Asker: 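I'd like to ask some things about the structure below.
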Number of protein chains: 2
Amino acid sequence: MTERREAREPDRESEETARQPLTRERILHVGLRLIDQQGLEALTMRKLASELGVDPMALYRHFKNKEALLDGVADMLWGEIVLPGRETDWEALLRSVATSLYALAHAHPRAYTLLLNRQILPLSMLQLSDAMRERLQQEGFERQRAGEVICALFSYAIGYAMVELSTLLPQSPTHTETEPMTDIARLTHLMQRLPRETPAHTVEAAYALTTYEAETQFTFGLDLMLTGLKCKGR
Amino acid sequence: MTERREAREPDRESEETARQPLTRERILHVGLRLIDQQGLEALTMRKLASELGVDPMALYRHFKNKEALLDGVADMLWGEIVLPGRETDWEALLRSVATSLYALAHAHPRAYTLLLNRQILPLSMLQLSDAMRERLQQEGFERQRAGEVICALFSYAIGYAMVELSTLLPQSPTHTETEPMTDIARLTHLMQRLPRETPAHTVEAAYALTTYEAETQFTFGLDLMLTGLKCKGR
DNA sequence: ACCTGAACACCGTTCAAGT
DNA sequence: ACCTGAACACCGTTCAAGT
């Protein structure tokens, strides 16, 4: 996706190309692809190794254990968030980062939970928040206030994305890419995920919950925060 | 194993008391306790069964599989959130629910991620949000607006809690219960969770990030939302 | 010194054999 | 009809035996 090598031959991105030397980056890249395609629980040291055309134990020379490998994937995900150019003011900056974090959930729905599940602080996350803090301070925010704002923004954006994923994610990841589901499809999909004894009243509530335009709703909460911030002053 | 019915013995709340009949509730209860004590990945069908003094396969007559069991635990967690009395106005209501969701993260730090990781819609969550919607509508919110507010609030509260857990959670769960860590303890704990090559500049950023008073910071973001809501009108 | 794959100690779940 | 536990197909990781 991001990496364009301009090779003479069309990359088939299959087991054939897996004959390059084994690097940390390549492992992580294939690992993320595996999660995207088959889900987080399908990422197995053995499966990943065979995908790379390599002995399972070979992975352990690049990562201490599976946890460390997942930490690496999480760091990659954080690394996909980039700041807009220097000319954007603080409000647009916050809006941009929040939107990017939300969009990341659609780019990597099965991997997204790694953003918060890890037991380390991803370096990319620290660098991102530090760069944001610097920009906010330049526009007059106090240091601590800047930190609070960033933390609140991250919490909302990621939290919203995870709520959406946990209530809307189809079992098959195909829908995410294509056009929105029909009402019928949405309802049947919903019914599958409710206990059989759910009262009709609650089914209706659930349907309402999952029917809102997700993007609009995300913006609503984001606007709440930004409005509050402007009311309070920086 | 033979069934022993020693009714005269005082409850020691250990494996002895595990001789009660196996019910869905008891399984879930012990399962949550196991997660609280040993972490989510330590919850094993086999371990849980032995904790209950039961054959592993016995669990499968109450739950289709491990996923269904975890769904049940998630539902229990949602069930711990209760609404305040009818006399509280909408702002206090929202504040109360958000705070409860946040507090739940401290009561069950190792299980908290289940709130959002499940592939079903927990019934308790639907009932909670539906009850909230009703209350908000009674106070003049439009139906859709009420839904948006609830969703935004859930997102922020849970998101904040998960951000806090993922950046602050000590490896040993003891600290959560006791008094706050000292600065030194916090710093060393932080250093353990950063890559060895982290530049000093970023270490400082990370330290700042994890040092804020968590509770105060949570309230800051919550206030942002509520202020925004009041500015915009209901 | 590096690389490998057999082996260990688990896991969720199936299934056949017991009652 | 219910209950049980052996067995299957995995898993992450150790470790000794190869090079």
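So that the names make sense, note that chain A is the first sequence line, chain B the second, and so on, each numbered from 1. Note: hydrogens, waters and symmetry copies are ignored here, and every other heavy atom, side chains too, is used. These numbers come from a predicted model, not from an experiment.
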Asker: Report the distance from atom CG of L77(A) to atom CE of M125(A), rounding to the nearest 0.5 Å.
Answerer: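 The CE atom of M125(A) is 12.5 Å from CG of L77(A), to the nearest 0.5 Å.
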Asker: Could you summarise the pairing of DNA chain D as dot-bracket text, marking Watson-Crick and G-U pairs under 3.5 Å with ( ) or [ ] inside the strand and | across strands?
Answerer: ||.|||||...|||||.||
Asker: Tell me, please, which residues at least two apart from H62(B) pass side-chain hydrogen bond (donor to acceptor under 3.5 Å, both in side chains).
Answerer: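 With sequence neighbours excluded, H62(B) shows a side-chain hydrogen bond (donor to acceptor under 3.5 Å, both in side chains) to no residue whatsoever.
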Asker: Whole angstroms only, please: what is the NE2-P distance between H62(A) and dC2(C)?
Answerer: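 Value for this atom pair: 13 Å.
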Asker: Side chains of Y102(A) and E164(A): is there a donor and an acceptor less than 3.5 Å apart?
Answerer: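 A donor-acceptor contact under 3.5 Å links the two side chains.
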Asker: Could you measure the distance from the CD atom of Q127(A) to the CG atom of L123(A)? Nearest 0.5 Å is fine.
Answerer: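 If we round to the nearest 0.5 Å, Q127(A):CD and L123(A):CG are 4.5 Å apart.
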Asker: Would you kindly say whether Y160(A) and Q217(A) are connected by a side-chain donor-acceptor distance under 3.5 Å?
Answerer: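 Judged by distance alone, the side chains do not pair up.
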Asker: State which of dT4(C), dT13(D), dT4(D) makes the closest approach to the side chain of D55(A).
Answerer: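 The nucleotide sitting nearest to the side chain is dT4(C).
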Asker: Rounded to whole angstroms, how far apart are CG on L59(B) and C1' on dG5(D)?
Answerer: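 To the nearest whole Å, that distance equals 14 Å.
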Asker: If we check side chain to side chain contact (heavy atoms under 4.5 Å, CB included) with L114(B), which of these qualifies: L40(B), D75(B), D71(B)?
Answerer: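 The single option meeting the side chain to side chain contact (heavy atoms under 4.5 Å, CB included) with L114(B) is L40(B).
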Asker: Consider the side chain of K47(B), meaning its heavy atoms from C-beta on, and name the nucleotide among dG12(D), dC11(C), dC11(D) that approaches it most closely.
Answerer: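 Closest of the options to the side chain of K47(B): dC11(C).
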Asker: Grab the CG-P distance between N65(A) and dG12(D) for me, whole Å please.
Answerer: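 So the two atoms are 11 Å apart, to the nearest Å.
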Asker: Find the distance between CZ (R46(A)) and CE (M57(A)) and round it off to the nearest 0.5 Å.
Answerer: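 These two atoms lie 7.0 Å from each other.
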Asker: Can you check the M45(B) CE to dA9(D) P distance for me, whole Å?
Answerer: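 Distance check: M45(B) CE to dA9(D) P gives 20 Å.
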Asker: To the nearest 0.5 Å, tell me how far S50(B) OG sits from D55(B) CG.
Answerer: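 One finds 11.0 Å between OG of S50(B) and CG of D55(B).
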Asker: Kindly indicate, with the supporting measurements, whether the criterion salt bridge (charged side-chain N to carboxylate O under 4.0 Å, His left out) is fulfilled by D130(B) and R133(B).
Answerer: CA-CA 5 Å; D130(B) 201 45; R133(B) 179 194 54 74; 3.0 Å; yes
Asker: Where along nucleotides 14-19 of chain C does protein come under 4.0 Å, by heavy atom, of base (B) or sugar-phosphate alone (S), with - for untouched nucleotides?
Answerer: B-----
Asker: Quick check on dC3(D): is either OP1 or OP2 less than 4.0 Å from any side-chain nitrogen or oxygen of R61(B)?
Answerer: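 Result: yes.
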Asker: Atom CZ of F63(B) to atom P of dT13(C): distance rounded to whole Å?
Answerer: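 Those two atoms, CZ and P, are 13 Å apart.
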Asker: Could you give the CG-to-C1' distance, from L48(A) to dT13(D), as a whole number of Å?
Answerer: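 Those two atoms, CG and C1', are 15 Å apart.
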Asker: Can you tell me the distance, in whole Å, between the CG atom of L22(A) and the C1' atom of dC3(C)?
Answerer: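 For the pair L22(A) CG and dC3(C) C1', the rounded distance is 13 Å.
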Asker: Report the distance from atom CZ of R46(B) to atom C1' of dA9(D), rounded to the nearest whole Å.
Answerer: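 Taking atom C1' of dA9(D) as the reference, CZ of R46(B) is at 12 Å.
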